[in-house]
Amino acid sequence: MVPGAFSYHRPDTIDGVVSLLGEWGDDARVIAGGHSLIPVMKQRLTDISQLIDLAGVDALKGISIDGDTVTIGAMTTQHELITSGTLHEVAPIIREASLQIADPQVRYVGTIGGNVANGDPANDMPGLMQTIDAKYHLAGPNGERTVAARDFYEAAYFTAREEDEILTSISFVAKKGGYAYEKQKRKIGDYATAAAGVLLSMDDGVCSSASIALTNLSDTPVYCDAAVEVLVGSSVDDNSITKAVKAAVEASDPVADTRGPVDFKKYVAGVIVKRAIQSAKTRV
Amino acid sequence: MNEISPPKEERSAALSGLGTSRKRVEDARFTQGKGNYVDDIKLPGMLFGDFVRSPYAHARVKSINTEKAMAVPGVHAVLTAADLEPLSLHWMPTLAGDKQMVLADGKVLFQAQEVAFVVADDRYAAADGVAAVEVEYEELPVIVDPFKAEVDGAPILREDIADQKEGAHGPRRHPNHIFTWESGDREATQAVLEQADVVAEEMIYYHRTHPCPLETCGSVASMDKVNGKLTVWGTFQAPHAVRTVASLISGIAEHNIRIISPDIGGGFGNKVGVYPGYVCSIVASIVTGVPVKWVEDRSDNLMATAFARDYWMKGRISATKDGKITALHCHTTADHGAFDACADPTKFPAGFMNICTGSYDIPTAYLAVDGIYTNKAPGGVAYRCSFRVTEAAYFIERMIEVLAIKLNMDAAELRSKNFIKKEQFPYQSALGWEYDSGDYHTGWEKALKAVGYEDLRKEQAERVEAFKRGETRKLLGIGLSHFTEIVGAGPVKNCDILGLGMFDSCEIRIHPTGSAIARLGTISQGQGHATTFAQILASEIGIPAEDITLEEGDTDTAPYGLGTYGSRSTPVAGAATAMAGRKIRAKAQMIAAYLLEVHDNDLEWDVDRFVVKGSPERFKTMKEIAFASYNQAIPGVEPGLEAVSYYDPPNMTYPFGSYVCVMEIDVDTGTTEIRQVFALDDCGTRINPMIIEGQVHGGLTEALAIAMGQEIAYDEKGNVTTGTLMDFFIPTAVETPNYQTDYTVTPSPHHPIGAKGVGESPNVGGVPAFSNAVHDAFRAFGLTQTHMPHDHWRIWKTAESLGLHD
Amino acid sequence: MEKMHIKMTVNGKNVDLLTEPRTLLIHALREELGITGPHVGCSSSHCGACTIDMNGMSVKSCSVFAAQADGAEITTIEGLGTPDALHVLQEMFKEHHGLQCGYCTPGMITRAYRLLQENPTPTEEEVRFGIAGNLCRCTGYQNIVKAILEAATKMNEMKESA
């Protein structure tokens, strides 16, 4: 299986990318790490005549921490996320999630931008970004704008990003507290059968803030407002966890696939959310 | 001639012969990236071929328009059935007495079936050409359930043989029925079952899967018009058989065909049969006059090449109240896909399924197998097993468990009580096989002791109680398996592949300076033949293994053999190797006698030399004899030192083993964790312990994959839902546990070196061990049977159905 | 389709390629440069048989266009040792029977090489996790893991005595 023919571009600025997207419209696609896009191109499920390689755009790389605001360039690889000591200090949930994505080779090349921008419901970073309340920074012909991760996903492969925009970076405010990214999968490297990201902070035994988002349990990541509401103000005791889990499962809408039928996925989603909350609590 | 020979042990060690863990000669090239696989082959002017494949499981092909494809830059030709028909190659015979389409002839019968073959400059242009071929299909109703294939109104799949009431294996009762094969005594078995104290009945399903070697199938065909010779390199586990078949179907004389199996990246049965890709690459080479390469990709391999298993086995087993088995009844529905391309000896359309009495002394038994056509890929092949032996072993090892439940007995004890006893060998099974040798009790006790079986049962009982008290959500399963395999096909009188008797061969030539070259009729796909067969020879003829080059796979030079699959290389070619070695030694004895001026009988063989009896300082080494054979004029003895043996085995061989798997199951997620795998194998004489252990590790891992998630699954429209490695489960190093291995040695009495073969035993014994662990975990809660694969959602469903969730 | 000019360093040698943008790096290596050590085992980026070392990273060359590798420094199995001076990984794979059919072996050793650069003293668990992107059908991984662990020990000994 090999792709159809295309022309290759390698601009070195964001403006260069935007201008090519504007010039070519539907015929053009950007390529980040390529490990989601190239398999699809090999099956000829896409019609790309202009491929725009983002690897030459230095402005898309780098992790910077300013106070408690973290900014990650869209072309930062999973490997760079995992090996960044400074990032791990302020947001350990990222390394925990990233290590559960794919395999070592894919992590060397796969980027955070590639993982979040195309709206693939199976990817782990979108749910994670919703958990940490990240903001996506987009650049287009009309300038820059910011969309919250929690507002970004509309349906499978449909996002708030316009065709002529690219994701340039992701930023979030790092929070102290408990964290967990729990993922059930059939084997190492598989997408999630069910996964959940949880952040939790407690003050004197009372939950002061929480965040729960689900991965691959709907056609977009699912931020569980109702479950969060149950936890905040509670002591995160078994009773509240049970109620929060129920709310999270109700918010999920998994599809049946080779990983299993809907009733199985819903049940496992509950188990995963429960374990994530319990794990996060131990790390508060 | 005044020295005494160095000590025996020292000389033996220098040979690296039988029983040593000799390091592999193959590793030098493989670790340096210098293997020579089919896709590495590049010839001047070579073109690349690729298939247009059907998206539908069942459809009429109304038209194929190749105009646009021919206009694609780099495309040279597009072949369809119409182009192959004048050569009578649009259909080809299968190994099971059926025929299959090479290219779609009027209709397609399974998803991914080959429709047209595009030949182009390279694989990119070929892919462009494939995308440009326009095919008009008219969808037809699909059969994916073999139990629905013969109901009223079922569509007829094989219109080409719809009126044939006689198939290759007897009468056909319906157009979608292929054969019914029987073994044993139906009336007697029925009678025993009716009178029995206890009868247990269960449907045991061994699901459809696929051998999936890491290297896919491929060929490079080169028709040399100048010399009139066709050369084909390919992923062939049976190169000579391919040559004979190629000659018969193409009309090219066999001496003008050369088949070469280069390095093969795993076979596991996938590469035994002939595929449309091979035929099309040959035709394309003839048509274009240049070499043509065809290499399929992974999805093609999983979706269109021969599947394995897919046997629905309905079992009834009877016993006395205290657990002595009295009869076994098995009715199997075999889903063969659209063409019966089962790789079996011709007289055995269900392979050796009648080994299904297993390791047990069962006096009365009956087996019937119905083969059925469905809209799935053709097959099936013996995926790392002998023909249908995994199915048989799984069947009996599950029925034993089901019976144990019925009798409320410990399953280890039930087995032990019914094992064929050591004194009963050679043992005549009720279904007609003579098991050569065995000692089941010794290995079984060793295995149970090694895992601490009694303690495990105690732990399990405590765990059940803890679970019921709500203290844990994990169950413990102890999976038992005692398998007896039948391998080493086989005696020519009843074993043939397309009429070619299943003997095998070895030819040896000793060079003047004492090293040698040997060639065999088999072909390694990773089993290390170049290393191990040299060891057999070293022990027979006293030349160090490292001085023996061992080749396979080139039909112009290798003696005729039936290839490597079904663990047959050691039992058959290994025997031929020993016999050829003994012929060498016999001639060497005559030469030594001449040189030492004694009578043949005055000499005795001592590791690597002939020594005059009573005069240890008078000897001739094989090395000296070799040179002498080239420069001595010995009356009555031809010059040179060479021998060939074609070995017709008197029987199959019967390796066996005791496996135990201890597994933890999380009932809420359906996930499993393997705590321990213990595998004790008896393959008779052990040629290279290191390689045996490697085979066991590999086979157990394939078994783990099969039992715990690997499947070729279809939806109701005949779409393959597991056509990539995303969904077709191949475990990584993370899912795979460490294995503990052990062995006993019960030589085969009829094999020249007592060896039985081992490559496939771990898959045969492993699947029941893993599957029985899952079943055993739920036994206390009432489970008798749940079908494989035991992936997360199926285990979860089992827990759900037993009421273990809330 | 128009071809593009790609320059890379492969196993220490500078190479110049003229190829279509869509040419996958694995095919550029195998077909155009005759470097047939890395293999194709799947079409969905799962099996790792195509693994090479590129710019200090383990990369699946079936999922990279040659165009993306312009300017890259690439090492394949062929560049890890010489017949007279094998890499210790190559020696240990032979010593511990860490291969059978050999098809996964180039990718596996190339990955193991980078793994030991990342982590010179891995535990068994870390080795298994570290090679999770490389599938093997023959060995069951046990001997591969042994080979890598012993290679690590030997490489560390060599470093200490140096």
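Throughout, a chain's letter reflects where its sequence line sits, starting with A, and its residues are numbered from 1. As the structure is a computational prediction, the values presented were derived from the model and not from experiment.
With a threshold of 4.5 angstrom between heavy atoms, B:Q695 approaches chain C through its backbone and through its side chain. Both the backbone and the side chain of C:L24 come within contact range of chain B, judged by heavy atoms closer than 4.5 Å. In this structure, no portion of C:P38 lies under 4.5 Å from any heavy atom of chain B. For C:T110, no part sits under 4.5 Å from any heavy atom of chain B, backbone or side chain. Proximity to chain C (any heavy atom under 4.5 Å) is shown, for B:P762, by neither the backbone nor the side chain. Heavy atoms of C:A49 lying under 4.5 Å from chain B belong exclusively to its side chain. Residue contact with chain B, scored on non-hydrogen atoms closer than 4.5 Å, is absent for C:H96. There is no contact between B:L700 and chain C, counting heavy-atom distances below 4.5 Å. Within the 4.5 angstrom heavy-atom criterion, no atom of C:E125 approaches chain B. Residue B:Y124 touches chain C through both its backbone and its side chain, counting heavy-atom pairs closer than 4.5 Å. There is no contact between B:N763 and chain C, counting heavy-atom distances below 4.5 Å. Residue contact with chain B, scored on non-hydrogen atoms closer than 4.5 Å, involves the backbone and the side chain of C:L99 alike. For a residue to count as touching a neighbouring chain, one of its non-hydrogen atoms must lie under 4.5 Å from one of that chain's; by this rule B:E26 does not touch chain C.
Residues C:F93 and B:D27 have side chains not in contact (no heavy-atom distance under 4.5 Å, counting atoms from C-beta outward). Counting only heavy atoms from C-beta outward, the side chains of C:R30 and B:D39 approach each other to under 4.5 Å. Residues C:S43 and B:R298 have side chains in contact (heavy-atom distance under 4.5 Å, counting atoms from C-beta outward).
Atom NZ of residue B:K42 and atom OG1 of residue C:T36 lie 10.0 Å apart, to the nearest 0.5 angstrom. Annotation: the span from B:E215 atom CD to C:C104 atom SG amounts to 12.5 Å, rounded to 0.5 Å.
Note on C:G140, C:G37, C:C101: by heavy-atom pairs under 4.5 Å with chain B, the leading option is C:C101. Contacts with chain C were tallied for B:D122, B:V295, B:L214; B:L214 has the most, counting heavy-atom pairs under 4.5 Å. Ranked by heavy-atom pairs under 4.5 Å with chain C, the list B:T216, B:T732, B:T701, B:N301 is led by B:T732. Of the listed residues (B:L704, B:L302, B:N36, B:I691), the one with the most heavy-atom contacts under 4.5 Å to chain C is B:I691. Ranked by non-hydrogen atom pairs under 4.5 Å with chain C, the options B:S299, B:P73, B:P731, B:G35 are led by B:P731. The most heavy-atom pairs under 4.5 Å with chain B, out of C:G34, C:P83, C:G130, come from C:P83. Annotation: maximal heavy-atom pairing with chain C below 4.5 Å, among B:R24, B:Q527, B:K23, B:M690, occurs at B:R24.
Using a distance-only test at 3.5 Å, with no hydrogens or angles considered, a donor-acceptor pair links the side chain of C:Q142 to the main chain of B:Y739. For the pair B:Q32 (side chain) and C:E78 (backbone), a donor-acceptor distance under 3.5 Å is absent. Of the possible polar contacts, one joining the C:R137 side chain to the B:C212 backbone as a donor-acceptor pair under 3.5 Å is found.
The shortest non-hydrogen separation linking C:P106 to B:G33 is CG-CA, 4.2 Å. Closest non-hydrogen pair, C:Q100 versus B:F30, comes out as O-CE1, 3.9 Å. Residues C:F129 and B:V734 approach most closely at CA-CG2, 3.8 Å, considering heavy atoms. Considering all non-hydrogen atoms of both residues, C:Y103 and B:G265 come closest at CB-CA, 3.9 Å. Residues C:N143 and B:G694 share a closest heavy-atom pair of ND2-CA, 4.4 Å. When all heavy atoms are compared, the tightest approach of C:R128 to B:T736 is NH1-O, 2.9 Å.
Here the two rings, on B:H697 and C:Y141, have centers that are 6.0 Å apart or farther.
Using a 4.0 Å cut-off between charged side-chain N and carboxylate O, B:R123 and C:E31 make a salt bridge.
Around atom NZ of C:K159, more than 12 heavy atoms belonging to other residues, nucleotides or ligands sit under 6.0 Å away. Annotation for B:Q740: atom CD counts as buried by contact number, over 12 foreign heavy atoms lying within 6.0 Å.
At a cut-off of 3.5 Å, with distance as the only test, a side-chain donor of C:E124 or B:N738 sits close to an acceptor on the other residue.
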